[in-house]
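Following: one structure in structure tokens, then a few remarks.
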Amino acid sequence: QKEVEQNSGPLSVPEGAIASLNCTYSDRGSQSFFWYRQYSGKSPELIMSIYSNGDKEDGRFTAQLNKASQYVSLLIRDSQPSDSATYLCAVSLDSGSARQLTFGSGTQLTVLP
Amino acid sequence: DVKVTQSSRYLVKRTGEKVFLECVQDMDHENMFWYRQDPGLGLRLIYFSYDVKMKEKGDIPEGYSVSREKKERFSLILESASTNQTSMYLCASSLGTGTVGKPQHFGDGTRLSIL
């Protein structure tokens, strides 16, 4: 059973719309949650970290965490074609070493001009 | 900013060769990681290290070994390269203090082709 699940997509949204990316995880003891953006042929780039329930905003990005429901989401407001990429959710699971992250398989986002 | 540097962006080697991939980070991070990424399979952890001379196996260690002689440097070794090791290899590092997981910062990756 996968421990971090994401819809693989592809997800297409028009330019200027809100893109909503979702991630669920299985370990209730998870404490740290991260969103990475990966352009085709490039390495993952950290865009958001969230550790507490609720919303965290950074520019056009908002991360939302709900530990009771075991999901974390990423909202991208005013989506731009440059946001077209694969978005990876990563979770630090409580079982085993806190130093490891478990990555979802990623959601491919396309923003249409 | 964290800088993780991988020695090569592209590398072509032959079957049976011993291949070394080097990774250096400049932020005094305790933890370092090697992943491979293949289409449809996502990121898979090969090995990681949380201290000098320490190493732990990840999910797919077979056919690989690692070396960490200095804190800033983590090397991945393909003992006898095979065509199924053709992949994108990613190195990452993170702070190791505390019990809460810290974000990992990635290098640019090495696209390795084994012929």
Side-chain angles (χ1 to χ4, degrees), chain A residues 1-10 23 25 27 29-53 56 58 61 63 65 67 72 74 85-108, chain B residues 1-6 8-10 21 23 25 27 29-51 54-61 74 87-111:
Chain A
Q1 182 183 356
K2 274 196 165 183
E3 296 167 328
V4 178
E5 295 272 4
Q6 295 182 253
N7 289 331
S8 59
C23 173
Y25 59 94
D27 191 325
S30 301
Q31 298 182 37
S32 309
F33 307 86
F34 309 98
W35 283 100
Y36 289 82
R37 177 177 61 200
Q38 186 174 23
Y39 292 115
S40 180
K42 303 294 186 182
S43 62
E45 172 193 11
L46 179 70
I47 54 172
M48 291 289 285
S49 303
I50 188 166
Y51 302 93
S52 303
N53 277 329
K56 179 181 178 183
D58 184 1
F61 298 101
L65 176 60
K67 290 186 178 181
V72 56
L74 179 70
T86 297
Y87 289 81
L88 302 173
C89 171
V91 176
S92 176
L93 299 178
D94 197 40
S95 57
S97 171
R99 301 176 179 95
Q100 294 184 62
L101 298 182
T102 296
F103 289 83
S105 55
T107 298
Q108 185 179 343
Chain B
D1 280 354
V2 177
K3 184 68 175 177
V4 180
T5 302
Q6 295 185 230
S8 305
R9 289 298 310 275
Y10 301 93
L21 302 182
C23 176
Q25 50 92 7
M27 286 302 292
H29 283 173
E30 289 80 7
N31 305 321
M32 297 189 75
F33 307 82
W34 276 107
Y35 296 88
R36 64 178 284 178
Q37 188 174 35
D38 302 287
L41 296 177
L43 279 166
R44 293 184 290 170
L45 181 64
I46 304 171
Y47 268 97
F48 68 102
S49 168
Y50 55 88
D51 202 352
M54 304 301 291
K55 61 183 179 184
E56 289 195 22
K57 293 180 180 179
D59 300 319
I60 52 163
F74 193 34
S87 186
M88 168 74 96
Y89 289 86
L90 291 160
C91 175
S93 72
S94 71
L95 280 171
T97 54
T99 58
V100 175
K102 302 295 194 296
Q104 294 179 13
H105 302 270
F106 286 85
D108 288 338
T110 296
R111 190 165 293 281

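Per chain, numbering begins at 1; letters A, B, ... match sequence-line order.
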Sub-3.5 Å donor-acceptor pair from the side chain of Q6(A) to the main-chain atoms of G106(A), do we have one?
-> yes
Test item: D27(A) side-chain N/O and G29(A) main-chain N/O as donor-acceptor pair under 3.5 Å = yes
Where L101(A) and Y35(B) come nearest, the two heavy atoms and their spacing | O-OH, 4.2 Å
Structural part of L45(B) lying under 4.5 Å from a heavy atom of chain A = side chain
Check each atom of Y51(A) against the heavy atoms of chain B and say whether the ones under 4.5 Å are side chain, backbone, both or neither.
-> side chain
R36(B) with D38(B): basic N within carboxylate O range, under 4.0 Å = yes
Whether F106(B) and F103(A) hold their rings parallel, tilted or perpendicular, with breakpoints at 30° and 60° | perpendicular
Quick one: which residues of residues 34-43 of chain A reach chain B at under 4.5 angstrom, heavy atoms only?
-> F34(A), Y36(A), Q38(A), G41(A), S43(A)
Report the distance from atom CD of Q100(A) to atom OH of Y50(B), rounding to the nearest 0.5 Å.
-> 11.0 Å
Engaged part of R44(B) at the chain A interface, taking heavy atoms whose separation is under 4.5 Å = neither
Validation row: L46(A), H105(B) side chains within 4.5 angstrom (heavy atoms) | yes
